[in-house]
Colleague: 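I am attaching a structure below and will ask some questions about it afterwards.
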Amino acid sequence: MKKILIISNALPSEDKPYAGVFVLNQYVELKKNNDFSIDISGLQRKKTNRVGSILKYFMFFLRLVPLLFRKYSVVHIHFFYPLIYWVWLYKAFHPKTKIFVTCHGTDVKQGVSNTFKKALSRYTVSCVDVLISVGNELAYKIRSELGFKKVVVLPAGINQEIFKPIDSVKIYDLIFVGSQLDGKGIHELVDALSLLGRRISIAVVGNGPLISEWERISRFHNIKQFNSLSQPEIAELYSKSRFLVLPSKSEAFGLVISEAMYCGTPVIASNVGGIKDQVVNGCNGFFIDDISVYGILNTIELALDLSDDEYKLMCESAKVSNKNFSLAEVCRVISKMYKE
């Protein structure tokens, strides 16, 4: 029986139950395969300051030291930087072990953020046997920035047992799910909604430095904010919402896009990164081609003006979209690569 070790520097915690949950989902799904014995080690995501983060990572790498002396058939790390340094050292101890790395986006950006880091990343990536990118655009960046040519494109996977259609009354016109960061287009989205000439209901899921932005439009719209929710709770909110809106400026994949679609909820999303791999414009959602205040506003108005029949047709298209991105299918491919 092959022994597999999965390591991630982002796993769910009480503070952030949604952070890195896709890694945990993969672990649970892969454990169903009786050909493998799978261990997992990870760092739980928690709210800390800079000093706390440094201490947290120091303790995490300290916990990983004993694993250097355990032999595995495959070591699979999620998030390239900074785990690539540890797995490079592991490979020196166990040269026959196969190294898998799944890159999720910001981890690659951090790994090449300056000349020294980039040179070190290009050197240490030589220990990797299989490099997985969650999206095509990220795969291109990996090839160009890291010089690693053989990249497998495979998303993290959507849990169909959780994200599925539920008969529910649509009480929210829009739902936003994600970190409240500038990169998610929060400023532009809130400004666009302030100009919308109708009062709508909006569910906001997630936390971050820009969470207070929504207070600016609370007099124009009915805003319901949710902090940390479980995946079943988020799935229920998708089913209660007419559209997911995600005007991200960059997105390696954007799991929330297919999560919403699996629940039968169409999307309004920017035409960037991995989102382009999921949305068919006018079929299962709408692209925001211009991530500006008026570009977002015009696309939201277009979506909200759909007739009942047009909207129902779009919902049906969303339900059958991206089935190759399911957790079961993704883990089937990973299992096959482990065996090979």
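Below, all heavy atoms of this structure are taken into account, side chains as well, without hydrogens, waters or symmetry copies. Predicted model, so just to flag it, every value in this text is computed and none were measured.
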Colleague: Which heavy atom of Glu251 sits nearest a heavy atom of Val272, and at what distance?
Modeller: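 Reported closest heavy-atom pair: N-CG2, 4.2 Å.
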Colleague: Check the pair Glu215 / Ser218 against side-chain hydrogen bond (donor to acceptor under 3.5 Å, both in side chains), numbers first and verdict last.
Modeller: CA-CA 5 Å; Glu215 296 175 7; Ser218 59; over 6 Å; no
Colleague: Kindly give the heavy-atom pair with the smallest separation between Ala252 and Gly105, and that separation in Å.
Modeller: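 The answer is CB-CA, 3.8 Å.
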Colleague: Do any N or O atoms from the side chain of Ser121 and from the backbone of Lys118 form a donor-acceptor pair under 3.5 angstrom?
Modeller: no
Colleague: Using modelled atom types and a 3.5 Å cut-off, is there a donor and acceptor pairing between side-chain atoms of Thr299 and backbone atoms of Gly295?
Modeller: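 A pair under 3.5 Å: yes.
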Colleague: Has the side chain of Ser270 got a donor or acceptor atom that lies under 3.5 Å from a matching backbone atom of Lys249?
Modeller: no
Colleague: Does Lys56 qualify as a cation-pi partner of Phe58, given the criterion of NZ or CZ under 6.0 Å from the six-membered ring centre and within 45 degrees of its axis?
Modeller: no
Colleague: Under a 3.5 Å distance rule, please check whether Gln26 uses its side chain to pair with a backbone N or O of Ala156 as donor and acceptor.
Modeller: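 The answer is yes, because a donor-acceptor pair under 3.5 Å joins these two groups.
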Colleague: Pairs of donor and acceptor atoms involving the side chains of residues 128-135, under 3.5 Å and at least two apart or interchain, shall be tabulated with distances.
Modeller:
residue : atom : partner : partner atom : Å
Asp129  : OD2  : Lys91   : NZ           : 3.0
Asp129  : OD2  : Ile99   : N            : 2.8
Ser133  : OG   : Gly135  : N            : 3.3
Ser133  : OG   : Gly135  : O            : 2.6
Ser133  : OG   : Ala139  : N            : 3.2

Colleague: Hydrophobic clusters here meaning ILVMFWY residues chained together by side-chain heavy-atom distances under 4.5 Å, can you tell me if Ile288 and Val280 are in one?
Modeller: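 Not linked; separate clusters.
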Colleague: Sub-3.5 Å donor-acceptor pair from the side chain of His78 to the main-chain atoms of Asn9, do we have one?
Modeller: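 A pair under 3.5 Å: no.
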Colleague: Quick check on Arg199: does its CZ atom have over 12 non-hydrogen neighbours (other residues, nucleotides or ligands) under 6.0 Å away?
Modeller: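 Yes - once you tally the heavy atoms of other residues, nucleotides and ligands closer than 6.0 Å, there are more than 12.
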Colleague: Between Val108 and Ile142, does a side chain to side chain contact (heavy atoms under 4.5 Å, CB included) hold up when you go through it step by step?
Modeller: CA-CA 7 Å; Val108 176; Ile142 290 167; 4.1 Å; yes
Colleague: Find out if a path of hydrophobic residues (ILVMFWY) with successive side-chain heavy-atom gaps under 4.5 Å connects Leu5 to Val28.
Modeller: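 Yes; Val28 is reachable from Leu5 via cluster members.
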Colleague: For the ring pair His104 and Phe22, is the centre-to-centre distance below 6.0 Å?
Modeller: yes
Colleague: About how many Å separate CG of Leu246 and CD1 of Ile296, when rounded to the nearest 0.5 Å?
Modeller: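 Taking CD1 in Ile296 and CG in Leu246, the distance rounds to 10.0 Å.
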Colleague: Does a sphere of radius 6.0 Å around NZ in Lys276 hold more than 12 heavy atoms from other residues, nucleotides or ligands, not counting ones at 6.0 Å or beyond?
Modeller: yes
Colleague: Mark yes or no for whether Lys184, through its side chain, and Pro247, through its backbone, hold a donor-acceptor pair below 3.5 Å.
Modeller: no
Colleague: Describe, in one word, how the ring planes of Phe286 and Phe243 are oriented to each other, choosing from parallel (under 30°), tilted (30 to 60°) and perpendicular (over 60°).
Modeller: tilted
Colleague: Count I, L, V, M, F, W, Y as connected when their side-chain heavy atoms are under 4.5 Å apart, and connections chain through other members. Are Leu181 and Ile186 then in the same cluster?
Modeller: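 Each belongs to a different hydrophobic cluster.
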Colleague: Using distance only, find each side-chain donor-acceptor pair of residues 160-178 under 3.5 Å and give its atom names and separation, not counting sequence neighbours.
Modeller:
residue : atom : partner : partner atom : Å
Lys170  : NZ   : Ser239  : O            : 3.2
Lys170  : NZ   : Ser241  : O            : 2.9
Asp173  : OD2  : Ser201  : N            : 2.9

Colleague: Does Met261 offer a backbone N or O that forms a donor-acceptor pair with the side chain of Thr265 under 3.5 Å?
Modeller: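 It does not hold such a pair.
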Colleague: I'd like a table of donor-acceptor pairs (distance under 3.5 Å, sequence neighbours excluded) in which one partner is a side-chain atom from residues 61-73, with atom names and distances.
Modeller:
residue : atom : partner : partner atom : Å
Arg63   : NH2  : Gly42   : O            : 3.3
Tyr72   : OH   : Asp39   : OD2          : 2.9
Ser73   : OG   : Lys3    : N            : 3.4

Colleague: Please round to the nearest 0.5 Å and tell me the distance separating atom CZ of Phe80 and atom CG of Asp107.
Modeller: 8.0 Å
Colleague: For Asp308, which residues count as a salt bridge (charged side-chain N to carboxylate O under 4.0 Å, His left out) partner, sequence neighbours excluded?
Modeller: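 Expected list: none.
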Colleague: For the atom pair CD1 (Ile4) and CD1 (Ile6), what is the distance rounded to the nearest 0.5 Å?
Modeller: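 Going from CD1 on Ile4 over to CD1 on Ile6, the span is 8.0 Å.
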Colleague: Out of Leu210, Val204, Ile211, Val205, which residue meets the side chain to side chain contact (heavy atoms under 4.5 Å, CB included) rule with Asn207?
Modeller: Ile211
Colleague: Restricting to non-hydrogen atoms, name the atom on Leu304 and the atom on Ile200 that form the minimum distance, rounded to 0.1 Å.
Modeller: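 It is CD1-CG2, 4.1 Å.
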Colleague: Taking all atoms of both residues into account, what is the closest heavy-atom pair of Cys127 and Val87, and its distance?
Modeller: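 Scanning both residues, the minimum pair turns out to be SG-CG1, 3.9 Å.
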Colleague: Taking atom OH as the centre, does Tyr123 end up with more than 12 heavy-atom neighbours from other residues, nucleotides or ligands that are less than 6.0 angstrom away?
Modeller: no
Colleague: Grouping I, L, V, M, F, W and Y whenever their side-chain heavy atoms are under 4.5 Å apart, do Met59 and Tyr85 come out in a common cluster?
Modeller: no
Colleague: Does NZ belonging to Lys336 count more than 12 external heavy atoms closer than 6.0 Å?
Modeller: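 No, not enclosed.
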Colleague: Looking at Thr102, Asn33, Leu154, Val152, which one forms a side chain to side chain contact (heavy atoms under 4.5 Å, CB included) with Ile334?
Modeller: Leu154
Colleague: Does Lys98 have any salt bridge (charged side-chain N to carboxylate O under 4.0 Å, His left out) partners at least two apart in sequence or in another chain, and if so, which?
Modeller: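 Partners of Lys98 under the salt bridge (charged side-chain N to carboxylate O under 4.0 Å, His left out) test: none.
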Colleague: Does some side-chain heavy atom of Val75 sit less than 4.5 Å from a side-chain heavy atom of Trp86?
Modeller: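 When only atoms from C-beta onward are counted, Val75 and Trp86 do touch, with a gap below 4.5 Å.
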Colleague: If I take atom NZ from residue Lys117 and atom OG1 from residue Thr124, how far apart are they, to the nearest 0.5 angstrom?
Modeller: 12.0 Å
Colleague: Check for a donor-acceptor pair, side chain of Arg216 on one end and backbone N or O of Val190 on the other, with a separation under 3.5 Å.
Modeller: no
Colleague: Which heavy atom of Ser335 sits nearest to which heavy atom of Leu30, and what is that distance?
Modeller: OG-CD2, 3.3 Å
Colleague: Pair Glu236, Lys240 - check salt bridge (Lys or Arg N to Asp or Glu O under 4.0 Å), show working.
Modeller: CA-CA 6 Å; Glu236 184 178 355; Lys240 291 180 177 179; 3.1 Å; yes
Colleague: Can a donor-acceptor pair be found, under 3.5 Å and without considering hydrogens, that links the side chain of Tyr311 to the backbone of Arg242?
Modeller: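 A pair under 3.5 Å: yes.
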Colleague: From Ser41 OG over to Tyr27 OH, what is the distance, rounded to the nearest 0.5 angstrom?
Modeller: 10.5 Å
Colleague: Would you check if there is a donor-acceptor pair between the side chains of Asn25 and Gln231 at a distance under 3.5 Å?
Modeller: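 Judged by distance alone, the side chains do pair up.
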Colleague: Looking only at non-hydrogen atoms, find the nearest pair between Ser194 and Ile217 and report the distance.
Modeller: CB-CG2, 3.7 Å
Colleague: Would Lys339 and Asp35 count as a salt bridge (Lys or Arg N to Asp or Glu O under 4.0 Å) here? Give the steps.
Modeller: CA-CA 8 Å; Lys339 290 177 183 177; Asp35 295 328; 3.1 Å; yes
Colleague: Would you list the atom pairs, donor with acceptor, under 3.5 Å between side chains in residues 316-330 and any protein atom, with sequence neighbours excluded?
Modeller:
residue : atom : partner : partner atom : Å
Glu316  : OE2  : Lys319  : NZ           : 3.1
Ser317  : OG   : Leu313  : O            : 3.1
Ser321  : OG   : Asn284  : ND2          : 3.0
Ser321  : OG   : Ser317  : O            : 2.6
Asn322  : ND2  : Ser258  : OG           : 3.0
Asn322  : ND2  : Gln278  : O            : 3.2
Lys323  : NZ   : Lys319  : O            : 2.8
Ser326  : OG   : Lys323  : O            : 3.4
Ser326  : OG   : Glu329  : N            : 3.2
Glu329  : OE1  : Arg332  : NE           : 3.1
Glu329  : OE2  : Arg332  : NE           : 3.4
Glu329  : OE2  : Arg332  : NH2          : 2.8

Colleague: Measure the acute angle between the ring planes of Phe100 and His76, then classify it against the limits of 30° and 60° as parallel, tilted or perpendicular.
Modeller: tilted
Colleague: Hey, are Ser307 and Asp309 close enough side-chain-wise for a donor-acceptor pair under 3.5 Å?
Modeller: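 No, no side-chain donor-acceptor pair sits under 3.5 Å.
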